[in-house]
Structure formats: C-alpha cells, structure tokens
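Below you'll find the structure, written out as structure tokens, and then a few comments.
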Amino acid sequence: MSRDDASYQGQLNLTTGATTCRSSTCSNSRSGAAALAAASKPSRNNSSTNNNTNSNSKKPPLWARPRRCFSLRKLPQLASFVLVVVAICSSIPHAVSAEANTKAKARPPPSFPLPPEVRPDGCGKEVEDPNGDNFDDLKVSIIIPYRNERLDHIKGSLESILYYTPKRYLSEILFVSDGNPIEQIYLKELRSMSKLVSFLVIPSPGAGLIEAKMRAVAGAALNSTVLVFLEPHIRTNRQWLQPLLRRIRLYPKVLAMPMLDPIPQDNFNQYLRGTSGQWRFEWNLNLIFSEPVPRTPSATPYMSPATSGGIFAIRRDWWNELGLYDHGMIGWGGDHIEATLKVWRCGGHIEVVPCSHVGHLFRDPDHRPYPVVVEQVVRNYARIAEVWLEEYLPYFYKVKPEANGMEVGDLSAAFKLKEKLQCKSMKWYLENVDREMEWEKDHICIPGCDIPKICCKGPQHPQRTTLDKIMPVELYKSRPTISLQELTKPSRSEL
C-alpha cells in the first residue's frame, strides 16, 4: 500500500507567517523586512548625496509611505504602528471575499446536466447548524473506494461533489484505489480537478472493499471529525452534506444516510426521483428496501432498521468506538450488516435524511466491474450471524443452508468487543427496531423446492427471497417501533 502524501500534507500544514494581513498586494514578513532593510541601507557610490538629502529633507510619516505588511517579530520598534497597518490592510480581505462570492454566484454550470430539485418542502432549517457555528468544527473526509471503475463515472462523481459541497467543510476527498492497474488509478486526472483530492493506493490484487474502507479511515486526514462514504458512480444534489452534518450535530451516535435517487446504469447523465422507504434485512441477511406504509413527503428525518452500507455519514470517533469493521471478514459483503447491528444495538441509531439527496447508479450483477465470490460473501454473513443473531441463529441457517458448517474463523475478539460495548440483544432489536423481521421469522421459507416445513407453499413474493407473503399492513401499524426520544434519553448509569 502506498499513499500520495503531497496533497495530504498540504492540507495539514498551515502557513504561520508573521504578516499582519493577507492579500496579493502585501508581502510576507521576511520579504517585507528585507525590503525595509534594503531601502534604509545607503548606497556605496552615492553615500554623500544620500546623507545630504536625508539631512535637508523631512521624511514623510510612515502611514504616508507605500503600503507594506510589517513583521512585529523582526521589527518590534514598529509596534506602535500596528493599528495603522491593520486598518489599511483589513479592507483588502473583505474586498477579495466579496469578489470571491460574486464569482461563486456566477460560476459556470457543470458539464453534467443539473439534477432536478427533489427535496421535500421545509428543508430550509435542515441545512442549518443548530449550534449556530456553521459546522465549522465538523471537518469531513469523503472516502470513495473504487475498483475497475470508468473514468467518466469517477470524474462525474467528483465534479458533482465539488459543485455542490462548500469546501470549508472538507478536509479531503480521499480516493481509495483497491488493486487497480496503474492506468485505472487516474491520479493525474482527478488531482487536476481539485487540491482536496488525495489517494490511498492498495497494490494489486487489492484488499477488498471491507479492508479498503478500514485502511482509508486509518489513513484519513488527522483533522477530520466526520467520515462520509460515497461511491464512484454518484451525483450529489443541492446542499446534500449540510443536512447530514446537522443530524450528526444533534445526535453524535447517528449513522445518517441521504435519500438515494436512481441513475440508470445505461445513462449516467439521467437522474430520476427516488422513493422514500427504509433499508432492512431478511433472515438470510439479504438487504432489501421496503415501505410497509406509504410515507407522506416530509423534511423530517426518519429511522431505518438498516443501512445500505455504501453511502452514509458517521462521526469518526463513533466509528472507532464501534470497531468497524470486523477484521475477520474478507473481501466484499457483510460490512453493511455489521454496521447496522453495531450502530443500533450498541448505543446509536440509523436515519434516512430526506433533505439530503444523492443520485446513485444502480447496477445489476452483469454490469458490476469486478467479480464477487459468492462463497466468500456467505462466509462473512455466517460470521456475523454467529456473533449477533444469538438465539435466532437457527432462522438464518434455515434459509441460508449453504452457510451451515462453514469455517468462519476465530470469533473471540468480536464477542469481546460486543461485551465491552454492552450491546443490546437481538430480541431487543426485533421488538423495537425491525417489526417486519420479527414477524417474518415465523413465515420464512425457501422458494421453489418441495421439502416439508422448509419450502414455501406458494410462489415467492416478488419483493422477498425468503417469503411467499409479507406482513399485513394493519398488523405492522399495530406494533410501533421505539421513538427517537426514548432511544436517545440517558440511561440511569449516565444520570
């Protein structure tokens, strides 16, 4: 693994010169001092003339001389004139700032078609910092792993990020090249777009998505307090980041997800309005997107039983406390399940934020740019199930029989961390978070077979892989989930 450090260090090292003001017309402290020294030093060839001139003519006052910025460290005798210099120079940054704002308002449109306005009404307050600090202390590392991705997709993703993200929030945009050949790292092409771009390059054959994300967090900019994971085939929409930061400000242990809008896999320039819903798992740990009860469009964030795993924001210290991810998982698959169960059961919660929208290119397996070893994914699922499903483990093996008996490696560290975090039980999760999953445990079946008590009696439900029917809406409504107020109230031990 290698890391391109030039951009990274450039973000961390702040210039600490002794100039009183900063503008293109003011010199730095050393050059200012040198200029004054040169001006006061008599010429060897014309010293008498200079002396006569100096003795017969009165010097103009300092404030009337050509403007310079003075170093108080080098010229302490000029301390009495600091206020004059500051007054003269302080107007310059304001003028530059005003000019920059004018340019920002008049910036040219991006090369991609502007996405439609898809946010609900009432998002004005959702982009504001509740502390009134404009999120100045929440510095973000955007992390984008990629493997065998098309350059136009990656550049389009980066262009939308740069267009719709205020730079003051960003520490870096970290691209994680996972085993790409040199011609598909695109270092020069991406760095030419912004100085915020940095790279973490994992040599071939790569480490896999899970390990790549862990290495990225370990190598992220030291001043970043928030991690935002994105994918290399997305389009961010208007003010997408601020609503996520607002939720993190209000609830430091939240995993906040934007609403995902579909981009067709055959047309990256098209952007469609997505539908509201929640992410959750079936008992085979297959990820699904469901909406048991149609939701009225609203700017209010709502809780989701799971995360899709690829696009979300989380505080860095919360990520580290949860120990994401399990080092025993390999390659691709299962990280979203682990994040879901750890966040929900170990002190946090997961939300969808309707005022934050990101377009995502959804691909079927035939369009995936890298192979996925199914047996490896099933092993990761089995490892998670053994640690987190507890007395409900048999339901997993009923609909994932190929996982039964798999060698999943040493689980002692995972169990030890779970105990250290004092995580809630799977029973608590089913009763308070995912009502559908709790109901489905008594109705799961394997479609398309004829084994009694295991196979489905009817045809597979079109929105499920382990059911021939879904939970009735009225029954779903009768089993309310835990409220955010109850979830976030301090425990007795914290009072």
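Remark: F281 pairs with H336 by the ring pair (Phe, Tyr, Trp, His ring centres under 6.0 Å) rule, at least two apart or across chains. The ring pair (Phe, Tyr, Trp, His ring centres under 6.0 Å) check on Y271 picks up nothing, with sequence neighbours excluded. In this structure, the side-chain contact (heavy atoms from CB on, under 4.5 Å) partners of D133, at least two apart in sequence or on a different chain, are D129, N131, R249. Listed by chain and number, the residues in a salt bridge (charged side-chain N to carboxylate O under 4.0 Å, His left out) with E291 are R295 (sequence neighbours excluded). Residues satisfying the salt bridge (charged side-chain N to carboxylate O under 4.0 Å, His left out) criterion with R247, sequence neighbours excluded, are E351. Evaluation of the salt bridge (charged side-chain N to carboxylate O under 4.0 Å, His left out) rule for R273 yields no partner, not counting sequence neighbours. Under the ring pair (Phe, Tyr, Trp, His ring centres under 6.0 Å) criterion, W318 pairs with no residue, sequence neighbours left out. Checked against side-chain contact (heavy atoms from CB on, under 4.5 Å), Q422 has no partners two or more places apart in sequence or in another chain. Applying the side-chain hydrogen bond (donor to acceptor under 3.5 Å, both in side chains) test to S160 and every residue at least two apart in sequence or in another chain returns T236. Residues passing the ring pair (Phe, Tyr, Trp, His ring centres under 6.0 Å) test with F289, sequence neighbours excluded: W279. Partners of E407 under the salt bridge (charged side-chain N to carboxylate O under 4.0 Å, His left out) rule, at least two apart in sequence or in another chain, do not exist in this structure.
Distance check, rounded to the nearest 0.5 Å: CG of L322 to CZ of R315 gives 12.5 Å. The CD1 atom of I248 lies 8.5 Å from the CG atom of L241; values are rounded to the nearest 0.5 Å. The distance from atom NE2 of H367 to atom CG of D266, rounded to the nearest 0.5 Å, is 7.0 Å.
For E375, the CD atom sits in a loose shell: 12 or fewer heavy atoms of surrounding residues, nucleotides or ligands are nearer than 6.0 Å. Taking a 6.0 Å sphere around NZ of K441, one finds it holds more than 12 heavy atoms contributed by other residues, nucleotides or ligands. Heavy-atom contacts from other residues, nucleotides or ligands closer than 6.0 Å to CG of N267 number more than 12. No more than 12 heavy atoms of other residues, nucleotides or ligands sit less than 6.0 Å from atom NE2 of H327. Atom CD of E419 sits in a sparse spot, with 12 or fewer heavy atoms from other residues, nucleotides or ligands closer than 6.0 Å.
Taking the six-membered ring where tryptophan is involved, the planes of W428 and W344 are tilted, since the angle between them lies from 30° to 60°. Aromatic ring orientation, W283 versus Y395: tilted (interplanar angle from 30° to 60°).
Between E431 and K424 no salt bridge is recorded (no basic side-chain N to carboxylate O distance below 4.0 Å). The existence of a salt bridge linking E128 and R246 is excluded, since no basic side-chain nitrogen approaches an acidic carboxylate oxygen closer than 4.0 Å. Comment: R464 engages E436 in a salt bridge, judged by a side-chain N to carboxylate O separation of less than 4.0 angstrom. Of the charged side-chain nitrogens involved, none lies within less than 4.0 Å of a carboxylate oxygen, so that R383 and E386 do not count as a salt-bridged pair. Between E211 and K213 there is no salt bridge, since no side-chain nitrogen of the basic residue lies less than 4.0 Å from a carboxylate oxygen of the acidic one.
The main-chain N or O of V226 is never found under 3.5 Å from a side-chain atom of S224 such that the two would form a donor-acceptor pair. The closest donor-acceptor contact from the side chain of E172 to the backbone of V197 lies at 3.5 Å or more, if one exists at all. Side chain of D261 to main chain of G274: a donor-acceptor pair is present (N/O by atom type, distance under 3.5 Å, no hydrogens or angles). A distance-only check finds a donor-acceptor pair linking the side chain of E338 to the backbone of D326 [under 3.5 Å]. Side-chain atoms of K418 come within 3.5 Å of backbone atoms of V387 as a donor-acceptor pair (strictly under, hydrogens ignored). Side-chain atoms of D410 never come within 3.5 Å of backbone atoms of A413 as a donor-acceptor pair (strictly under, hydrogens ignored). Remark: side-chain polar atoms of E189 are not paired, donor with acceptor, to backbone N or O of L151 under 3.5 angstrom. In this structure, the side chain of H443 engages the main chain of W439 through a donor-acceptor pair within 3.5 Å. Between the side chain of S356 and the backbone N or O of V353 there is no donor-acceptor pair closer than 3.5 Å. Checking side-chain atoms of D178 against main-chain N and O of R147 turns up no donor-acceptor pair under 3.5 Å.
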Trace of the side chain to side chain contact (heavy atoms under 4.5 Å, CB included) decision for L114 with Y163: CA-CA 10 Å; L114 291 178; Y163 189 78; 3.8 Å; yes
Side chain to side chain contact (heavy atoms under 4.5 Å, CB included) between V118 and N237, worked out: CA-CA 9 Å; V118 292; N237 210 322; 3.8 Å; yes
Test log, rule ring pair (Phe, Tyr, Trp, His ring centres under 6.0 Å), inputs W319 and Y325: CA-CA 9 Å; W319 167 284; Y325 293 108; 4.9 Å; yes
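Between N180 and Y146 the shortest heavy-atom distance is ND2-O, 3.0 Å. The minimum heavy-atom distance between N284 and F396, with the atom names listed, is O-CE1, 3.9 Å. Between L272 and Q270, the shortest heavy-atom distance links the atoms CD2-NE2, 3.5 Å. When all heavy atoms of K342 and G323 are compared, the closest pair comes out as NZ-O, 3.1 Å. Nearest heavy-atom pair across D468 and C445 is N-SG, 4.0 Å. Annotation for I185 and F199: closest pair O-CE2, 3.7 Å, computed over non-hydrogen atoms.
Side-chain contact between L158 and I173 is present, with heavy atoms from C-beta onward closer than 4.5 Å. With contacts defined as side-chain heavy-atom distances shorter than 4.5 Å, the pair M303/I350 does not qualify. P447 has its side chain out of reach of T465: every pair of non-hydrogen atoms, C-beta onward, lies at least 4.5 Å apart. Counting only heavy atoms from C-beta outward, the side chains of L430 and M437 approach each other to under 4.5 Å. The closest side-chain heavy-atom distance from Q463 to S290 is not below 4.5 Å. Using a 4.5 Å heavy-atom cutoff, the side chains of I144 and S157 are not in contact. With contacts defined as side-chain heavy-atom distances shorter than 4.5 Å, the pair F362/I263 does not qualify. In this structure the side chain of M257 never reaches within 4.5 angstrom of the side chain of I311, judged on heavy atoms.
For R119 and W240, the positive end is not near the middle of the six-membered ring at less than 6.0 Å and at most 45° from its axis.
Test R368, R363, K155 against E149 for salt bridge (charged side-chain N to carboxylate O under 4.0 Å, His left out) and you get one pass: R363.
Sequence neighbours left out, the pairs with a member in residues 258-361 that pass disulfide (SG to SG under 2.5 Å) are C123-C355, C346-C423.
H233 and F268 have their aromatic ring centers separated by at least 6.0 angstrom.
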